[in-house]
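The block underneath contains the structure these notes are about, expressed in structure tokens.
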Amino acid sequence: MQSLIKDINLASEGRKKIEWVSNFMPTLNTLGDELEKSQTFKGKTIVVSVHLEAKTAYLATVLKRGGADVIVTGSNPLSTQDDVAAGLVDMGITVYACYNCTDEEYFNFLHKALDHKPHIIIDDGGDLVNLLHTTRQDAKERLIGGSEETTTGVHRLYALEHAEKLTFPMIAVNDSYCKYLFDNRYGTGQSVWDGIMRTTNLTVTGKNVVVAGYGWCGKGVAMRAKGLGAHVYVTEVDSIKAVEAVFDGFKVLPMIEAAKIGDIFCTVTGCKDVIVKEHFEVMKDKAIMCNAGHFDCEVNAVDLEALAVSHERVRQNIEGYTMADGRKLYLLAEGRLVNLAAGDGHPAEIMDLSFAMQALAAEYLLKHGKTMDVKVHVLPHELDTRIADLKLKSMGYDLDALTQDQIDYLTKVN
């Protein structure tokens with residue numbers, strides 16, 4: 001089937017982006033060498049629906065080296081980079097994606113990908129899984145199972161499992177140590193501020209930054225904001241996470257209070273309606289809002305539009321809303337993931353860990369998928385350790401090792 005992309009003439013620039021990140025993903029490089037030698041995925045079709053930028057593209061090429069027929073589509077209308085999509089097509093990989101596609105086009109791309117009847121899926125946010133349980137159950141005829149990249153998608157998987165509606169095994173890669181400890185915290189922390197700063201061209205230092213949600217992603221966003229010199233406030237619904245935020249040096253308060261003092265707001269909750277009408281009504285003039293959760297429902301843009309007397313695009317990826325009293329409120333990247341819709345996503349060295357886990361998840365499914373229970377799984381800890389060992393080695397670090405006497409002592413104590 002023929003790829004559907006914006007412009008194949010962008011391929012040269014896209015390939016350069018892919019080649020650039022490959023230089024900084026040594027763990028995935030090592031796995032790629034092993035997969036190529038073993039041809040682990042020979043004869044298998046893998047559909048990848050992850051934010052289509054350079055690191056995702058490089059994962060696709062690694063799977064292809066392992067013998068897979070790889071089909072790639074995006075997982076968000078604003079995160080696809082057209083030059084990277086073209087670069088992949090130029091490298092012999094089928095792609096259905098383009099930047100700023102309509103919702104209809106977005107789901108058409110997902111359907112096109114599923115037309116290939118995958119053996120394995122790699123999902124980000126759960127849209128592929130949702131289709132395979134609703135309108136595209138026909139595409140499951142060869143399906144062994146799949147893996148999920150992000151927190152929101154894992155929440156959707158557990159909801160399916162608890163409702164006893166999940167019909168094939170899924171691996172929650174997001175819940176592996178070598179994913180969430182690094183990707184969610186350090187990756188999100190850096191990429192969110194990269195997206196905000198390149199989009200606004202404003203300082204962070206001295207501003208009041210409000211971070212909604214103190215999960216692993218929220219921790220990263222707050223930590224980096226503090227490092228940039230901001231005064232950081234956290235909103236939470238979980239008392240344990242709120243205590244953690246306080247002990248990390250941040251002030252915790254309800255959103256209705258934070259709304260009055262914030263200069264920059266970043267939602268990282270995975271829930272909906274985190275910032276709504278009552279908050280917009282008390283915000284300061286020129287307050288900036290953005291979202292780093294998977295779906296564009298955390299900042300209620302419908303409420304914002306309804307309150308505004310006028311609305312215009314004031315700069316690329318910045319929508320300006322003028323309130324009746326003259327205040328202007330700004331929303332970045334239409335409320336979609338600011339780090340991907342208005343940036344390049346997580347650093348390559350971080351995604352080296354996450355996508356190494358995805359490659360291992362695909363291999364694990366191929367070996368064990370037909371005997372796995374139909375539920376949400378987490379990869380065995382030894383695979384986390386393997387990735388961490390490879391990463392440490394690539395960075396030039398080494399570890400101590402327990403002596404046999406120490407091992408015997410710990411065994412007796414435990």
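Here the rule is side chain to side chain contact (heavy atoms under 4.5 Å, CB included) with Val211, and of Thr269, Val232, Thr267 only Val232 fits it. Each of Leu110, Ile122, Val50 was checked for a side chain to side chain contact (heavy atoms under 4.5 Å, CB included) with Leu128, and the lone residue meeting it is Leu110.
Ion pairing between Asp248 and Lys219 fails under the 4.0 Å rule for side-chain N and carboxylate O. Using a 4.0 Å cut-off between a side-chain N of Lys or Arg and a carboxylate O of Asp or Glu, Lys16 and Glu13 qualify as a salt bridge. Classification of Glu363 and Lys367 as a salt-bridged pair holds, one side-chain N sitting under 4.0 Å from a carboxylate O. Salt bridge annotation for Glu105-Lys6: absent, with no cationic side-chain nitrogen under 4.0 angstrom from a carboxylate oxygen. Note on Asp115 versus Arg136: salt bridge recorded, some NZ/NE/NH1/NH2 to OD/OE distance being below 4.0 Å. A salt bridge links Lys284 with Asp263; the closest basic N to acidic carboxylate O contact falls under 4.0 Å. Between Glu382 and Arg386 there is no salt bridge, since none of the side-chain N atoms of the basic residue sits less than 4.0 Å from a carboxylate O of the acidic one. A salt bridge links Asp127 with Arg156: the distance from a Lys NZ or Arg NE/NH1/NH2 to an Asp or Glu carboxylate oxygen falls below 4.0 Å. Using a 4.0 Å cut-off between charged side-chain N and carboxylate O, Lys17 and Glu19 make no salt bridge. Between Lys375 and Glu161 there is no salt bridge, since no side-chain nitrogen of the basic residue lies less than 4.0 Å from a carboxylate oxygen of the acidic one.
The two residues Ala225 and Val209 make their nearest non-hydrogen contact at CB-CG1, 4.1 Å. Ala172 approaches Val376 most closely through the heavy-atom pair CB-CG1, 3.8 Å. When all heavy atoms of Ile171 and Ala361 are compared, the pair lying nearest together is CD1-O, 3.8 Å. In plain terms, the two heavy atoms of Asp373 and Pro169 that are nearest each other are O-CB, 3.5 Å. In terms of heavy atoms, Val84 sits closest to Ala57 at CG1-CB, 3.5 Å. When all heavy atoms of Val309 and Ala324 are compared, the pair lying nearest together is CG1-CA, 3.8 Å.
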Criterion side chain to side chain donor-acceptor pair (under 3.5 Å) on Glu319 and His311, from CA distance to verdict: CA-CA 7 Å; Glu319 300 294 314; His311 164 214; 2.7 Å; yes

From CA spacing to verdict: side-chain contact (heavy atoms from CB on, under 4.5 Å), Thr199, Gln316: CA-CA 7 Å; Thr199 300; Gln316 183 176 0; over 6 Å; no

Pair Lys55-Glu149, salt bridge (charged side-chain N to carboxylate O under 4.0 Å, His left out): steps then yes or no: CA-CA 13 Å; Lys55 284 86 67 180; Glu149 173 70 8; over 6 Å; no

Intermediate values then yes/no, salt bridge (charged side-chain N to carboxylate O under 4.0 Å, His left out), Asp389 and Lys393: CA-CA 6 Å; Asp389 286 341; Lys393 183 178 179 181; over 6 Å; no

Stepwise side-chain contact (heavy atoms from CB on, under 4.5 Å) test for Val221 and Thr188: CA-CA 6 Å; Val221 174; Thr188 305; 3.9 Å; yes

Working for ring-ring contact (aromatic ring centres under 6.0 Å, His included), residues His111 and Tyr106: CA-CA 9 Å; His111 282 292; Tyr106 170 72; over 10 Å; no

Worked verdict on His133 versus Leu166 for side-chain contact (heavy atoms from CB on, under 4.5 Å): CA-CA 8 Å; His133 283 85; Leu166 189 65; 3.9 Å; yes

Stepwise side chain to side chain donor-acceptor pair (under 3.5 Å) check, Tyr99 with Asp83: CA-CA 10 Å; Tyr99 173 75; Asp83 53 355; over 6 Å; no

Derivation of the side-chain contact (heavy atoms from CB on, under 4.5 Å) call for Lys112 and Thr73: CA-CA 9 Å; Lys112 288 286 187 182; Thr73 184; over 6 Å; no

Check against ring-ring contact (aromatic ring centres under 6.0 Å, His included), His116 and Tyr96: CA-CA 12 Å; His116 290 261; Tyr96 304 110; 5.8 Å; yes

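Looking at heavy atoms from C-beta onward, Val210 lies in side-chain contact with Thr235 at the 4.5 angstrom threshold. With contacts defined as side-chain heavy-atom distances shorter than 4.5 Å, the pair Tyr321/Glu305 qualifies. You'll find the side chain of Ile275 reaches within 4.5 Å of the side chain of Met283, heavy atoms only. Counting heavy atoms from C-beta on, the side chains of Lys391 and Leu353 come closer than 4.5 Å. The shortest distance between side-chain heavy atoms of Leu132 and Gln137 does not fall below 4.5 Å. Counting heavy atoms from C-beta outward, Met372 and His377 have side chains that approach closer than 4.5 Å. Using a 4.5 Å heavy-atom threshold, the side chains of Leu143 and His119 count as separate. Contact of the Met91 side chain with the Ile18 side chain is registered, since non-hydrogen atoms from C-beta on lie closer than 4.5 Å.
Residues passing the ring pair (Phe, Tyr, Trp, His ring centres under 6.0 Å) test with His51, sequence neighbours excluded: His294. With sequence neighbours left out, the side chain to side chain contact (heavy atoms under 4.5 Å, CB included) criterion links Tyr180 to Tyr177, Asn184, Trp216.
With no hydrogens or angles considered, a side-chain donor-acceptor pair links Gln81 and Asp344 at under 3.5 Å. Using modelled atom types, one finds a donor on one side chain and an acceptor on the other under 3.5 Å when comparing Lys328 with Thr322. Side chains of Asp352 and Thr27: a donor on one and an acceptor on the other come within 3.5 Å. Between the side chains of Thr40 and Ser38, at least one donor-acceptor pair of N or O atoms lies under 3.5 Å.
A donor-acceptor contact shorter than 3.5 Å is absent between the side chain of Arg142 and the backbone of Ile120. Between the side chain of Glu312 and the backbone N or O of Val314 there is no donor-acceptor pair closer than 3.5 Å. Using a distance-only test at 3.5 Å, with no hydrogens or angles considered, no donor-acceptor pair links the side chain of Asp194 to the main chain of Gln190. In this structure, the side chain of Asp303 engages the main chain of Lys277 through a donor-acceptor pair within 3.5 Å.
Residue Lys117 places its NZ atom among more than 12 non-hydrogen atoms of other residues, nucleotides or ligands, all under 6.0 Å distant. Counting heavy atoms of neighbouring residues, nucleotides and ligands inside a 6.0 Å radius, atom CD of Gln2 does not exceed 12 of them. Heavy-atom neighbours of Ile240 CD1 from other residues, nucleotides or ligands within 6.0 Å: at or below the threshold of 12.
With rounding to the nearest 0.5 angstrom, the CD1 atom of Ile144 is 12.0 Å from the CZ atom of Phe168.
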Donor-acceptor contacts, no H, no angles, side chain residues 62-70, under 3.5 Å, sequence neighbours left out:
unit_1: Arg65; atom_1: NE; unit_2: Glu36; atom_2: OE1; d: 3.2
unit_1: Arg65; atom_1: NH2; unit_2: Asp33; atom_2: OD1; d: 2.6
unit_1: Arg65; atom_1: NH2; unit_2: Glu36; atom_2: OE1; d: 2.9

